[in-house]
Amino acid sequence: MTKSSFIRKYSNRFLSRWLVLVFDSLIVVFSFSVATLLRMNFQVTEIDFNIFFSQLIFIIGLRLLAFLYFQSYAGIIRHTSIEDAILILKAVFTGSLGAVAVSGVIRNTLGFEHVFNLSASILIIDFFICLFWMVILRFFVKSFYESFVNQFKPTIGVLIYGAGYTGMLTKNVFQTDRSTNYKILGFIDDNESKIGKTIEGIKVYSLPEVLDKFVGSNDGMEVIMAINNMSAKSKRKISDIFLDRGVVVKALPPVDKWVEGEFAMNQIHNVKIEDLLGREVIQMNNKRIGEEISGKIILVTGAAGSIGSEIVRQLIAYFPAKLVLVDQAESALYDLEYELAGKVPTNVQLIVNVADVSDTRRISKIFKNHRPDIVFHAAAYKHVPLMENNPYEAIKTNVIGTRILAELASEVGVEKFVMVSTDKAVNPTNVMGATKRLAEMYTQSMNQIEGVKTKFIATRFGNVLGSNGSVIPLFKKQIERGGPVTVTHPEITRYFMTIPEACELVLEAATMGQGGEVFVFDMGESVKIIDLAKKMITLSGLRVDKDIEIRYTGLRPGEKLYEELLNNDENTLPTHHPKILIAEVNTPSYAYMEVATNDLNHLLSSGNNNSIVAKIKEIIPEYKSNNSVFETLDKKSSK
């Protein structure tokens with residue numbers, strides 16, 4: 001800050017304070033004059049102006065001393081509060097009391113009876129007039145200032161869901177915010193004893209009343225969820241009601257983020273789409289997971305990916321002896337290593353390897369150097385349209401890479417090999433899903449080999465919220481760019497789960513798996529992608545097809561309308577966890593899978609995509625291409 005700007009800033013501040021003090025002095029003159037006139041019944045001729053002016057100067061002097069002592073003039077007028085009014089009360093009362101005391105002492109010791117013979121009634125009237133005008137004019141200036149400034153601010157109507165303590169706290173936070181002109185339209189509550197009543201002048205409505213009275217007639221309206229103990233199911237239900245009507249829904253921060261029982265305006269956030277798609281938190285058996293992981297050497301492939309990195313984060317909490325991270329994505333692996341620096345306990349050794357799972361020599365060296373007890377295999381190519389155009393890479397990584405890992409796991413005596421699969425492996429319609437099904441089949445067949453101690457386990461789940469390639473990050477980017485938001489088909493649906501849930505499933509599978517299981521997760525209800533797009537646009541405070549256009553682009557190569565978790569010929573068996581099931585899959589013999597994958601590996605050298613995909617279809621009869629150049633192979637095989 002320059003010297004001139006410093007002087008200008010602080011001189012303006014002091015100047016404004018002195019102006020307030022001068023203004024307060026004028027109120028003192030006014031109040032004492034009116035008090036004198038009232039006492040004399042407005043008989044001006046009966047007033048001795050020499051005595052009056054002497055008394056006035058005396059009163060002004062005492063009040064100025066009180067104002068200076070209590071700093072009643074130092075407050076910012078536009079932010080006047082009850083605390084400021086109390087400070088003014090103290091200053092005015094002290095000035096009046098001082099006038100009585102000082103005038104009495106001077107009159108008794110020095111005389112001047114005419115000058116200091118102040119009437120008690122004048123002092124009382126003066127006290128109330130002075131107090132009233134000093135307080136009321138400050139609030140008037142504050143109100144005028146806010147009215148003037150609010151003309152240039154956007155007005156946002158706010159409905160607060162919950163008329164309890166948290167709702168009142170929310171109301172106060174919004175009413176004290178200076179950045180935006182918020183108008184509290186009312187509270188919403190399910191408690192019939194509150195509906196129809198008012199709280200601090202704000203009416204409490206039922207949900208149907210609010211939908212009828214406010215929704216549709218207030219552009220830019222927001223609903224604030226102000227109930228801390230609301231279940232995830234109730235939150236989704238209420239949020240959906242308003243989001244479907246184009247109303248932005250916001251939520252409070254978690255209670256543990258509040259400071260001294262309060263939260264700040266900037267902590268109130270839009271309800272996250274992840275919260276609306278997830279289910280109630282599914283509890284895992286952390287004790288059993290800890291017993292399985294603690295003190296072991298764990299190897300994670302695809303460690304820098306969305307699933308792999310979360311598996312690593314969760315594994316750290318169970319204190320493995322060594323964590324070996326494997327991924328071919330150099331930058332992402334570096335970022336993960338940087339993130340974990342300082343978070344990994346001192347008794348956990350972290351080893352980071354840049355490696356391709358399809359590189360036999362490199363992967364063999366890693367396995368033999370570290371001899372892991374448990375392997376979590378999350379490395380895979382997973383983008384459906386991209387793999388439809390690159391079958392070679394899909395086979396090389398998803399099938400051959402998995403085979404290399406599985407064989408090395410059995411060779412070095414790994415206890416458990418947990419493969420991360422996908423619902424796209426069920427009745428596959430694309431190369432990516434078919435390669436993941438092949439990987440499932442190969443690893444499951446290895447459980448049949450006599451003498452192999454490694455237990456091979458697979459887990460299947462649907463789309464993971466926020467993962468690389470997920471539709472949600474794509475929609476967010478499209479909305480940030482101003483649209484359009486692209487949806488492939490109006491009827492397309494998908495199952496969703498959160499990254500932590502997916503990884504907890506993988507860890508749980510490692511504890512309960514005895515070899516040969518394909519674990520599937522209760523994914524709840526599938527979600528229409530078009531509904532997902534509309535909700536995300538509304539949550540961004542924008543309007544569908546007005547601010548952001550939704551455009552249909554048609555199904556992409558290999559894409560299908562509905563995902564499945566089970567094949568038509570597959571049934572499920574229960575486990576000890578109600579949300580985790582075991583799929584009864586048909587697994588070919590190891591001998592057959594060994595020959596099939598050898599043939600497939602041999603075909604890779606030809607580089608002929610049709611030959612490669614035709615071989616996959618031969619191994620997996622239920623693989624029928626959809627919206628793909630490989631559909632002709634299905635027609636040939638059906639003749």
Side-chain angles (χ1 to χ4, degrees), residues 6-40 42 47-110 112-149 176 178:
F6 177 86
I7 294 172
R8 184 168 57 253
K9 175 181 177 182
Y10 287 94
S11 64
N12 288 341
R13 180 180 296 178
F14 293 131
L15 180 62
S16 63
R17 288 186 176 186
W18 291 121
L19 283 174
V20 173
L21 188 60
V22 169
F23 189 75
D24 287 347
S25 299
L26 292 175
I27 293 176
V28 171
V29 173
F30 170 78
S31 61
F32 187 77
S33 300
V34 172
T36 302
L37 284 171
L38 287 172
R39 175 66 181 80
M40 298 299 178
F42 294 95
I47 299 175
D48 186 332
F49 283 97
N50 289 326
I51 295 175
F52 168 76
F53 284 118
S54 299
Q55 291 177 343
L56 177 59
I57 292 170
F58 174 67
I59 291 294
I60 292 172
L62 287 174
R63 291 223 184 278
L64 282 175
L65 288 174
F67 294 159
L68 290 169
Y69 178 80
F70 287 101
Q71 296 282 294
S72 60
Y73 59 92
I76 300 174
I77 302 297
R78 65 178 180 272
H79 297 316
T80 299
S81 63
I82 296 299
E83 287 75 14
D84 294 307
I86 293 172
L87 198 64
I88 292 169
L89 170 62
K90 291 178 180 178
V92 174
F93 179 78
T94 301
S96 297
L97 189 63
V100 173
V102 173
S103 63
V105 171
I106 293 175
R107 193 170 60 248
N108 293 330
T109 58
L110 301 178
F112 302 106
E113 291 189 7
H114 293 295
V115 176
F116 293 100
N117 188 21
L118 291 168
S119 168
S121 56
I122 290 178
L123 289 177
I124 292 171
I125 296 170
D126 170 66
F127 168 78
F128 285 108
I129 294 176
C130 187
L131 177 63
F132 173 81
W133 284 107
M134 285 186 67
V135 172
I136 204 68
L137 286 175
R138 275 169 166 76
F139 279 104
F140 174 79
V141 172
K142 175 185 177 182
S143 177
F144 177 80
Y145 174 83
E146 290 180 347
S147 299
F148 177 77
V149 171
T176 55
R178 305 295 174 187

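Excluded from the calculations below are hydrogen atoms, water molecules and symmetry mates; all remaining heavy atoms, backbone and side chain alike, are included.
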Is the shortest side-chain heavy-atom distance between [X] and [Y] below 4.5 Å?
X	Y	answer
S96	L123	no
V20	R138	yes
W133	V28	no
L68	L21	yes

Please identify each residue that fulfils ring pair (Phe, Tyr, Trp, His ring centres under 6.0 Å) with F32, with sequence neighbours left out. F52
Apply ring pair (Phe, Tyr, Trp, His ring centres under 6.0 Å) to F132 and list each qualifying residue two or more places apart in sequence or on a separate chain. none
What's the shortest heavy-atom distance between [X] and [Y], and which atoms?
X	Y	result
S31	D126	OG-OD1, 2.9 Å
A99	F58	O-CE2, 3.9 Å
I27	C130	CG2-O, 4.1 Å
I129	A35	CD1-N, 4.2 Å
L87	S72	CD2-CA, 3.9 Å
V135	A85	CG1-CB, 4.1 Å

T94 vs Y69, side-chain contact (heavy atoms from CB on, under 4.5 Å): CA-CA, chis, key distance, verdict: CA-CA 10 Å; T94 301; Y69 178 80; over 6 Å; no
So with a 6.0 Å cut-off around CZ of F139, is the heavy-atom count from everything else above 12?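 Enclosed.
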